[in-house]
2 protein chains.
Amino acid sequence: MASLPVVNQPPHQCGALLDHLSRRVRTRSETVLAPLGLRPRHLLTLTVLRDHGSSTQQALAATLGIDSTNLVGLLNDLEADNLIERRRSPEDRRRHVVDLTDVGAKKLAKAELAMAAVEDEALAALTLEQREQLYSLLQQATATTDIAACVGAEDESVPPVMYR
Amino acid sequence: MASLPVVNQPPHQCGALLDHLSRRVRTRSETVLAPLGLRPRHLLTLTVLRDHGSSTQQALAATLGIDSTNLVGLLNDLEADNLIERRRSPEDRRRHVVDLTDVGAKKLAKAELAMAAVEDEALAALTLEQREQLYSLLQQATATTDIAACVGAEDESVPPVMYR
DNA sequence: GTAAGTCATTTGCGTAGGGCAAACCATTTA
DNA sequence: TAAATGGTTTGCCCTACGCAAATGACTTAC
């Protein structure tokens, strides 16, 4: 009962560093995304839609961690540019299912191309291999989403795509 | 001119994922930091001060990537609680050198303890080992700071501590 | 020694992000 | 038919944050 000595030492704190790095990337990204008519939140939304597959607005709001009333405006932006599509769910016509359009996918690709320059700068201290490592860790950490519990529990009709 | 086929494929994009994960951690962290009288930005500042060592306000602003006028208010908060200390630089008395106080270090430790719970939740999908990996990648990525070029160039009197 | 530049500070302004609540419509469920 | 739910709109609020201008203290160049 002598409380496992070595095993239990707390892991280092990622929170602040995450904040730090993400701030750096985000501020720079604003600059390169602006010409495309996008802002960081749009990029995030498009990315989530591609990586997690289409989803209900509620579920999407939960995944993104933003208020659903704010999501509406966000989606309005994206829909106005034809980057996403809202369909009424056949099973429950109250719901909107949000989908990435072809235009949206292309725009996303273009945005990521622009972002590459930003990341080259912000992640300059990492080797390419390390960047990949970082990517997969982030991917893995964000994959388990509130949505998984939420949607998976009652609406598994469209299994999310995950990873690309 | 057939453009190198395999070698040059772009690495995956971390930007959006960073944004995503950091938002999750940040929003939750607000809750657990509030009782300590801190907000995420304070935690970030204290962390940077500990990990990078004391620095000029200008340098600190550059590192944090925030406007120096905004930093003033932030430091006022921290100084009011005696968590940091502003000393006039002996070499150039126009400058303030910002230092973490003992109280600040303790508060930081306490804050990190509170953050552990948040990270346990937000990074639940990662093993402890992976969290350490993530930590060191983030540490490495943020270590090369604008400050390094800036301060290192002309004021190396106090070599930054880096890593703990 | 005077003038010009620099650092920190304060104040004020503007914008964006984003939570929250209320009211509304369409639709489903009890 | 009544109650609950998903999405939408509007309106209010607070926080974060950049930018600009003015001030005082100090340093450096002439």
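For C:dT9, the OP1/OP2 oxygens have a side-chain nitrogen or oxygen of B:Gln57 closer than 4.0 Å. An OP1 or OP2 oxygen of C:dC20 is reached within less than 4.0 angstrom by no side-chain nitrogen or oxygen of A:Asn70. At C:dG18, one or more side-chain N or O atoms of A:Arg41 fall inside 4.0 Å of OP1 or OP2 (strictly under the cut-off). Residue A:His96 has no polar side-chain atom (N or O) positioned under 4.0 Å from OP1 or OP2 of C:dA26. At D:dC17, one or more side-chain N or O atoms of A:Arg23 fall inside 4.0 Å of OP1 or OP2 (strictly under the cut-off). Residue B:Arg86 places at least one side-chain N or O under 4.0 Å from the OP1 or OP2 atom of C:dT9. At the phosphate of D:dC26, OP1 or OP2 sits under 4.0 Å from a side-chain N or O atom of B:Arg93.
B:Glu121 and B:Arg28 are joined by a salt bridge, as a carboxylate oxygen and a charged side-chain nitrogen come within less than 4.0 angstrom of each other. Contact check on B:Arg131 versus B:Asp120 returns a salt bridge, with a Lys/Arg side-chain nitrogen under 4.0 Å from an Asp/Glu carboxylate oxygen. Ion pairing between a basic and an acidic side chain is recognised when a charged N comes within 4.0 Å of a carboxylate O; B:Glu112 and B:Arg50 show such pairing.
You'll find that the side chain of B:Asn76 is closest to C:dT10, out of D:dC19, C:dT28, C:dT10. Looking at the side chain of B:Thr69, the nearest of the listed nucleotides C:dT11, D:dG7, C:dT28 is C:dT11. Closest contact between the side chain of B:Arg39 and the listed nucleotides D:dT15, D:dT27, D:dA4 involves D:dT15.
Rounded to whole angstrom, the span from the CZ atom of B:Arg26 across to the P atom of D:dT15 amounts to 16 Å. Atom CD of A:Glu91 is separated from atom C1' of C:dT29 by 16 Å (rounded to the nearest Å). Nucleotide C:dT28 holds its P atom 6 Å from the CG atom of A:Asp92, rounded to whole Å. Atom-to-atom, CG of A:Leu74 to P of C:dG19 comes out at 11 Å; the value is rounded to the nearest Å. If you measure from atom CZ of B:Arg88 to atom P of C:dA8, you get 9 Å, rounded to the nearest angstrom. Going from atom CG of B:Asp19 over to atom C1' of C:dG18 covers 14 Å, rounded to whole Å. As a whole-Å value, the separation of A:Leu75 CG from D:dT8 P is 7 Å. For the pair A:Asp67 CG and D:dG11 P, the computed distance is 17 Å after rounding to whole Å.
In terms of polar N and O atoms assigned as donor or acceptor, the side chain of B:Arg94 comes within less than 3.5 Å of the base of C:dT6 in a complementary pairing.
In terms of heavy-atom proximity, A:Val48 sits nearest to A:Thr63 at CG1-CG2, 4.0 Å.
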Could you go step by step and tell me if A:Gln57 and A:Arg95 meet the side chain to side chain contact (heavy atoms under 4.5 Å, CB included) rule?
CA-CA 8 Å; A:Gln57 289 194 197; A:Arg95 292 186 188 172; over 6 Å; no

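DNA chain D is contacted by both A:Gln58 and B:Ser68; A:Gln58 maps to the nucleotide lying nearer its 5′ end (nearest heavy atom per residue). Comparing A:Pro90 and A:Ile66 by the nucleotide of DNA chain C whose heavy atom lies nearest to each, the residue mapping closer to the 5' end is A:Ile66.
Under 3.5 Å, the side chains of B:Asn76 and B:Arg86 contain a donor-acceptor pair of N or O atoms.
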